[in-house]
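Heads up: the structure comes next, in structure tokens.
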Amino acid sequence: MFDKFREECGVFAIYGHPEAANLTYLGLYALQHRGQESCGIASSNGREIQCIKGMGHVNDLFRPEVLGRLPGDMAIGHTRYSTAGDTVAGNAQPFSVSCNKGRIAVAHNGNITNATELKKELEAEGSIFQASSDTEVILHLVARSREKTLAGALREALLQLEGAFSLVFLAEDQVIVARDRHGFRPLAMGQMELSGGHISHVFASETCAFDLIGAVYLNDVEPGEMVIIGRTGVSRERYAPVQDPAHCVFEHVYFSRPDSIVFGRPVQQSRENLGRMLAIECPAPADVVVPVPDSGVAAALGYAAESGIPFRQALIRNHYVGRTFIEPSQAIRDFGVKLKLNPIKHLLEGRSVVLVDDSIVRGTTSRKIVRMVQQAGAREVHLRISCPPTLSPCFYGVDTPTRSELIAANNTTEEIRRFVEADSLGYLSLSALRQSVDDRDMRYCYACYTGDYPTDLVNIEELIAAKKRR
Ligand code: AMP
């Protein structure tokens with residue numbers, strides 16, 4: 001439920017709409033849950049690109065007068081909480097540069113696993129980097145390419161990248177989007193009909209962005225696909241050979257909004273299935289099913305429906321908790337958790353509770369929440385987690401910590417139960433997770449639960465060190 005590990009990003013792009021920047025702002029507004037550290041929008045009027053970005057939430061940075069400085073009928077946008085690179089303003093995206101291919105801007109969701117090697121090569125050949133983000137590498141590869149067209153240079157650059165990327169590019173007169181060959185991170189394609197029958201094309205990490213602006217979801221940008229939209233129309237092409245898809249299952253478990261369709265599948269449906277399967281695999285002798293808001297709500301609904309145990313929203317979340325706050329000098333136990341959650345005592349007193357959350361990472365938050373429910377008078381707390389134990393770090397864009405900090409990588413379920421001080425603890429099995437997202441042909445990545453990474457991680461020590469530096 002907490003934002004402390006939140007390390008995802010959201011991307012948005014639009015072509016052929018007179019209000020491109022305003023709609024990008026709204027798209028980012030809907031994608032705010034994917035990153036709250038910084039945001040940015042680049043727009044083009046066909047001749048020049050303007051780019052405005054900074055720290056903070058979309059709504060804080062993009063006041064009407066700021067949006068007014070982003071003219072044109074095409075734009076891209078980004079909302080970020082870094083996975084690679086430091087958390088500083090210089091890493092806010094889009095990145096925008098002028099090079100021999102003209103002016104280009106790029107925004108990225110994912111993590112390029114060979115960025116360090118590429119950066120070393122580029123620096124040896126004279127490239128100068130301004131930020132510590134892996135995304136900047138792409139622009140240097142494009143600038144260095146001998147291909148004459150931007151699309152050609154991009155194709156060449158993309159083929160050198162490894163890992164996870166859903167990318168949106170803006171040139172003076174075109175929008176280009178691309179997805180890595182495994183399709184780790186989502187990228188949906190939609191359209192809007194304008195007066196006179198004109199069509200505006202839109203792209204977003206999640207379809208909830210389309211719903212807000214009244215766009216229709218068409219399909220996903222395919223893994224290994226590049227979509228180019230310019231004055232001559234739309235062209236879709238494979239820049240890389242088809243490879244085994246490896247969609248991030250954690251998008252369905254936790255990251256994406258439940259009202260989104262991600263990898264062609266409604267997230268809410270997956271989460272309810274997770275909860276139902278959890279009730280079958282890990283039943284509990286309880287009086288009430290209580291979700292940890294917001295991350296456990298859909299799974300708890302599924303658990304309650306399957307088990308017949310009543311669902312009660314007995315933990316209330318304060319949605320207005322900011323990023324900075326004054327901590328009382330006299331230590332209050334579990335102050336952090338109390339800021340965000342408050343129990344409804346009469347729903348918990350004397351009851352045996354099934355507490356449902358999506359995942360345990362370090363275990364510290366779960367322990368505080370279990371304690372909070374106990375202190376509110378619950379007789380028993382049975383913690384149920386709607387995915388398998390998180391055993392391995394993610395190198396594809398989710399900032400799970402290294403193995404040493406992952407409680408499940410170093411402890412048995414019984415040891416974790418003792419640590420979180422619950423009466424019982426149950427995790428969903430891997431096969432039930434697969435079933436819940438209807439993954440019949442292994443199209444998802446489960447590396448965080450299995451340690452089986454779908455790509456070669458050439459320099460895994462460097463990737464681990466980068467996580468530790470954060
Ligand atoms: P903890 O028990 O301290 O490991 O924290 C677990 C909580 O963190 C759960 O409520 C999860 O919903 C939440 N969580 C898990 N992974 C992430 C992530 N990558 N970003 C933000 N929150 C997360």
Side-chain angles (χ1 to χ4, degrees), residues 1-10 31-37 79-84 87 109-111 164 184-185 205 248-258 267 271 274-275 278 290-300 315 317-318 321 323 334-337 339-341 355-373 381 383-411 413 415-422 425-428 433 445-449 467 470:
M1 63 147 293
F2 290 111
D3 299 334
K4 64 181 174 189
F5 321 106
R6 184 175 277 294
E7 298 292 330
E8 274 275 322
C9 296
L31 298 174
Q32 187 75 79
H33 62 288
R34 297 183 71 88
Q36 300 92 41
E37 180 190 283
T79 170
R80 172 180 196 263
Y81 202 129
S82 68
T83 43
T87 54
N109 172 207
N111 190 33
F184 282 105
R185 310 255 66 95
S205 298
C248 170
V249 77
F250 202 54
E251 292 277 353
H252 276 267
V253 171
Y254 172 83
F255 266 126
S256 296
R257 266 174 46 165
V267 175
R271 291 205 186 139
L274 294 170
L278 192 59
V290 173
V292 174
D294 294 326
S295 51
V297 173
L315 290 172
R317 181 175 167 186
N318 181 343
V321 175
R323 279 149 293 154
D334 301 334
F335 181 69
V337 82
L339 264 180
K340 298 195 181 173
L341 291 181
L355 184 64
V356 181
D357 202 359
D358 71 287
S359 56
I360 300 180
V361 182
R362 293 179 171 89
T364 46
T365 313
S366 311
R367 179 185 173 129
K368 287 178 184 166
I369 297 172
V370 168
R371 191 175 288 165
M372 175 176 270
V373 174
V381 179
L383 183 59
R384 296 292 178 268
I385 302 298
S386 63
C387 71
T390 306
L391 301 173
S392 310
C394 174
F395 300 112
Y396 306 118
V398 177
D399 188 36
T400 35
T402 56
R403 271 205 179 93
S404 59
E405 289 174 79
L406 287 171
I407 191 166
N410 304 293
N411 294 278
T413 301
E415 285 165 342
I416 302 170
R417 181 199 70 73
R418 263 187 264 138
F419 178 81
V420 299
E421 296 169 6
L425 168 63
Y427 284 96
L428 192 71
L433 172 59
C445 172
Y446 300 95
C448 51
Y449 308 119
K467 275 188 181 289
R470 294 188 42 77

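The residues of the chain are indexed from 1 along the displayed sequence. Note that ligands are numbered from 1 as they come in the structure, with each ligand's atoms numbered from 1 the same way.
- The CZ atom of Phe184 lies 8.0 Å from the SG atom of Cys394; values are rounded to the nearest 0.5 Å.
- Within the 4.0 Å heavy-atom cutoff, Thr364 counts among the residues contacting ligand 1.
- Proximity of Asp357 to ligand 1 is established by a heavy-atom distance of less than 4.0 Å.
- Between the side chains of Arg34 and Asn109, at least one donor N or O sits under 3.5 Å from an acceptor N or O.
- Looking only at atom types and distance, the side chain of Ser392 has a donor-acceptor partner in the side chain of Arg403 under 3.5 Å away.
- Set against the non-hydrogen atoms of Val398, the atoms of ligand 1 under 4.0 Å away are 19 (N).
- Looking at Pro401, Cys387, Ser366 and measuring to atom 2 (O) of ligand 1, the nearest heavy atom belongs to Ser366.
- Contacts of Val361 with ligand 1, taken as heavy-atom pairs under 4.0 Å, involve both backbone and side chain.
- Any N or O atom pair closer than 3.5 Å counts here, and Phe255 shares no such pair with ligand 1.
- Residue-to-ligand polar distances place Thr365 within reach of ligand 1: an N/O pair is separated by less than 3.5 Å.
- Going from atom OH of Tyr254 over to atom CG of Leu274 covers 15.0 Å, rounded to the nearest 0.5 Å.
- Listed by chain and number, the residues in a ring pair (Phe, Tyr, Trp, His ring centres under 6.0 Å) with Tyr449 amount to none (sequence neighbours excluded).
- Close contacts between ligand 1 and Ser295 involve ligand atoms 10 (O), 12 (O) [criterion: under 4.0 Å to a heavy atom].
- For the side-chain contact (heavy atoms from CB on, under 4.5 Å) test, residues two or more places apart in sequence or in another chain that qualify with Ile407 are Ile360, Asn411, Ile416, Phe419.
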